[in-house]
Q: 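Below is a structure I'd like to ask you about.
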Amino acid sequence: PLTPLRFLHRAMDLFGSRTGVVSGGRSFTYAEFGGRAERLASALESLGVSPGDRVAYISFNNNALLEGYYGVIQAHAIVMPLNVRLSQMEMTNILNHAGAGVVFYENDFAPLVEALKPACGSVRHWISIDDEYEALLAGAASRRADILAYDELAIAELFYTSGSTGTPKGVMLSHRTLYLHALDIVTGFRDLDSMVDLHTIPLFHANGWGR
């Protein structure tokens, strides 16, 4: 089956000791990054996240959000990166429409989260990336996903986009769709062995994480 998890495994196996992600003042090798994503998957399962559950993020670009794109789908759940520019009402409507069960957020959005909590009854866990995330990973096991256990047509991401008019609308993207999108993006790369990519596009915007 085609799934982005194949890219993660390839990076860990072939380039595990090389720096893969730099986020603020922190850097991670591909092996370290992959291990963190795998521990996130285990942590989500320990929280009761089941296949098909929605896991949302209210976050700027950082390593935790990028780890979510692999850890959440490894747990057979659906990752939901939310546009941080949306209003409280739009956020409320999206979380309720999707039935999100877990929300990860940066402390920059703590006041927003406090306002969302009373109106979003489906959310069982609100987890601060700044205060709780590292402890969550530290208590979880790192184990590699069995690629053959995934249905490439299963939904991997629920991406809300408002388009040009109306309220934000959920777009369902499968493992296969995300895999093929990444293959298309890579055709534009040069000097793959030495390039460094400064990723300025928000990971929640236009599905910018495909790059």
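Bear in mind that the values here come from a model prediction, so they are computed numbers and not experimental data.
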Q: Once rounded to the nearest 0.5 Å, what's the spacing between atom CG of Leu148 and atom OG1 of Thr3?
A: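 Result: 11.5 Å between the selected atoms.
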
Q: Would you call Pro202 and Arg85 a side-chain contact if the rule is heavy atoms closer than 4.5 Å?
A: yes

Q: Flag the pair Phe109 / Glu106 as yes when at least one side-chain heavy-atom distance between them is below 4.5 Å, and no otherwise.
A: yes

Q: Side chains of Glu67 and Tyr133: do they bring a donor and an acceptor to under 3.5 Å?
A: yes

Q: Looking at every non-hydrogen atom in both residues, tell me the closest pair between Arg176 and Leu153 and how far apart they are.
A: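 In this case the closest contact between Arg176 and Leu153 is CD-CD2, 4.0 Å.
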
Q: Please step through side-chain contact (heavy atoms from CB on, under 4.5 Å) for the pair Val79 and Tyr57, ending with a clear verdict.
A: CA-CA 8 Å; Val79 64; Tyr57 282 79; 4.1 Å; yes

Q: Is the shortest side-chain N to carboxylate O distance from Arg124 to Asp53 below 4.0 Å?
A: yes

Q: Looking only at non-hydrogen atoms, find the nearest pair between Met91 and Leu82 and report the distance.
A: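 So the minimum-distance heavy-atom pair works out to SD-CD1, 3.8 Å.
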
Q: Is the shortest side-chain heavy-atom distance between Leu66 and Asn63 below 4.5 Å?
A: no

Q: Quick one: closest heavy-atom pair of Met12 and Gly35, and the distance?
A: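 So the two residues come closest at CE-N, 3.9 Å.
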
Q: Using every non-hydrogen atom in the two residues, find where Phe7 and Ala182 come nearest and quote the distance to one decimal.
A: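 For Phe7 versus Ala182, the nearest heavy atoms are CE1-CB, 3.6 Å.
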
Q: In Å and rounded to the nearest 0.5 Å, what is the CE to CD1 distance from Met172 to Ile155?
A: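 The CD1 atom of Ile155 is 5.0 Å from CE of Met172, to the nearest 0.5 Å.
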
Q: Is any side-chain heavy atom of Ile147 closer than 4.5 Å to one of Pro1?
A: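 Pro1 reaches Ile147 side chain to side chain.
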
Q: Any heavy-atom pair between the side chains of His175 and Ile73 that's under 4.5 Å?
A: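 They are in contact (side-chain heavy atoms under 4.5 Å apart), so the answer is yes.
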
Q: Once you round to the nearest 0.5 Å, how far does OH of Tyr30 lie from CZ of Arg18?
A: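 Answer for the OH-CZ pair, Tyr30 versus Arg18, is 7.0 Å.
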
Q: Should Leu47 and Ile127 count as side-chain neighbours, where that means a heavy-atom distance under 4.5 Å?
A: yes

Q: Is Arg144 salt-bridged to Asp13, cutoff N-O under 4.0 Å?
A: yes

Q: Is it the case that the side chain of Glu114 and the backbone of Pro111 share a donor-acceptor pair, with hydrogens and angles ignored and the cut-off at 3.5 Å?
A: no

Q: Is a donor on one side and an acceptor on the other found under 3.5 Å between the side chain of Thr29 and the backbone of Gly16?
A: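 Indeed, once roles are kept as given, a pair shorter than 3.5 Å links the two residues.
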
Q: Looking only at side chains, do Arg143 and Ser42 share a donor and an acceptor under 3.5 Å apart?
A: yes

Q: Is it possible for you to say whether Val21 and Phe15 belong to one hydrophobic cluster, with membership spreading through side-chain heavy-atom contacts below 4.5 Å?
A: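 Shared cluster, no.
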
Q: Could you state whether Leu14 and Leu5 fall into the same hydrophobic cluster, counting links through intermediate Ile, Leu, Val, Met, Phe, Trp or Tyr residues with side-chain heavy atoms under 4.5 angstrom apart?
A: no

Q: So, for His9 and Ala145, which heavy atoms are closest and what is the spacing to 0.1 Å?
A: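 Here His9 and Ala145 meet closest at CE1-O, 3.4 Å.
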
Q: In the single-linkage hydrophobic clustering (I, L, V, M, F, W, Y; side-chain heavy atoms under 4.5 Å), do Leu2 and Leu183 co-cluster?
A: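 Yes, one cluster joins them.
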
Q: For Glu90 versus Pro168, what's the shortest heavy-atom pair and its separation?
A: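 Scanning both residues, the minimum pair turns out to be OE2-CD, 4.2 Å.
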
Q: Assess the side chains of Asn62 and Ser23: does a donor N or O sit below 3.5 Å from an acceptor N or O?
A: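 No, Ser23 and Asn62 have no side-chain donor paired with an acceptor closer than 3.5 Å.
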
Q: Go through it in stages, so that I can follow the logic: the residues are Leu40 and Tyr70, the test is side-chain contact (heavy atoms from CB on, under 4.5 Å), and I'd like the CA-CA distance, side-chain angles, deciding distance and then a yes or no.
A: CA-CA 9 Å; Leu40 174 59; Tyr70 292 98; over 6 Å; no

Q: Can you confirm whether Phe104 sits close enough to Ser59 that some side-chain heavy atom of one is under 4.5 Å from a side-chain heavy atom of the other?
A: no

Q: Decide if the gap between the ring center of Phe204 and the ring center of Phe60 is smaller than 6.0 angstrom.
A: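 No; Phe60 has its ring centre 6.0 Å or more from that of Phe204.
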
Q: Where does the angle between the aromatic ring planes of His97 and Tyr160 fall among parallel (under 30°), tilted (30 to 60°) and perpendicular (over 60°)?
A: perpendicular

Q: Measuring from atom CZ of Arg39 to atom CG of Leu136, what distance do you get when rounded to the nearest 0.5 angstrom?
A: 10.5 Å

Q: Pair Ser122, Leu95 - check side-chain contact (heavy atoms from CB on, under 4.5 Å), show working.
A: CA-CA 8 Å; Ser122 67; Leu95 290 172; 5.7 Å; no

Q: List the steps, then state whether side-chain contact (heavy atoms from CB on, under 4.5 Å) holds for Leu173 with Leu178.
A: CA-CA 7 Å; Leu173 302 172; Leu178 297 177; 3.9 Å; yes

Q: Do Val102 and Tyr69 belong together in a cluster built from hydrophobic side chains that touch within less than 4.5 Å?
A: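 In one cluster with Val102: Tyr69, yes.
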
Q: Are the side chain of Asp130 and the backbone N or O of Asn107 linked by a donor-acceptor pair below 3.5 Å?
A: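 A pair under 3.5 Å: yes.
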
Q: May I ask you to check whether over 12 heavy atoms, not counting those of Met195, lie within 6.0 Å of atom CE?
A: yes

Q: When you check the gap from the basic side-chain N to the acidic O, do Arg26 and Glu134 get nearer than 4.0 Å?
A: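 Result for this pair is yes, salt bridge flagged.
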
Q: Do Glu157 and Met80 have side chains that approach each other closer than 4.5 Å (heavy atoms only, starting at C-beta)?
A: no

Q: Rounded to the nearest 0.5 Å, what's the gap from CG on Leu65 to CG on Leu203? Could you check?
A: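 Nearest 0.5 Å value for the CG-CG distance: 5.0 Å.
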
Q: Quick check for you: to the nearest 0.5 Å, what is the distance between Thr167 atom OG1 and Asn93 atom CG?
A: 7.0 Å

